Amino acid sequence: MQFDSFADALEMAGHGPYVWSVYAVALLVIVGLLVIPQVRKQRIMRDTLGQIKRREREEAERASGT
C-alpha cells in the first residue's frame with residue numbers, strides 16, 4: 001500500500017489510530033516480556049545472596065559461642 005504523504009500513512013484512511021494503538025500495545029507487551037524476567041531474576045539473586053549472608057553470619061555467631 002502506497003501513501004501520498006507521511007500524514008496519509010499515519011492516518012491510514014481513518015484507521016490509523018486503531019492500527020498505531022495496536023502497534024503500541026504490542027511493543028509494550030514485548031518490552032514487558034523482556035524486562036520483567038530480568039527484574040525478577042535480579043530480585044531473586046539479591047534475596048538469595050542476603051539469605052546466604054545471614055546464614056553465614058548466624059553460623060559464625062554459633063561457632064564463636066555468642
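Here the structure is a predicted model, which means the values were calculated and not measured.
Sequence neighbours left out, not one pair with a member in residues 46-65 passes ring pair (Phe, Tyr, Trp, His ring centres under 6.0 Å).
Arg54 meets the side-chain contact (heavy atoms from CB on, under 4.5 Å) test with Gln51, Arg57; sequence neighbours excluded.
With a 4.5 Å cut-off between side-chain heavy atoms of Ile, Leu, Val, Met, Phe, Trp and Tyr, the cluster of Ile52 takes in none.
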Tell me, with the steps shown, if Phe3 and Met12 meet side-chain contact (heavy atoms from CB on, under 4.5 Å). CA-CA 8 Å; Phe3 298 102; Met12 293 187 180; 4.2 Å; yes

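Applying the 6.0 Å contact sphere to CG of Asp4 captures no more than 12 heavy atoms from other residues, nucleotides or ligands.
In plain terms, the two heavy atoms of Glu61 and Ser64 that are nearest each other are O-OG, 3.1 Å.
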Side-chain donor-acceptor pairs of residues 17-25 under 3.5 Å, sequence neighbours excluded:
| unit_1 | atom_1 | unit_2 | atom_2 | d |
| --- | --- | --- | --- | --- |
| Trp20 | NE1 | Leu10 | O | 3.1 |
| Ser21 | OG | Pro17 | O | 2.9 |
| Ser21 | OG | Tyr18 | O | 2.9 |

Cut-off 3.5 Å, no hydrogens considered: what does the side-chain donor-acceptor table look like for residues 27-46, sequence neighbours left out?
none

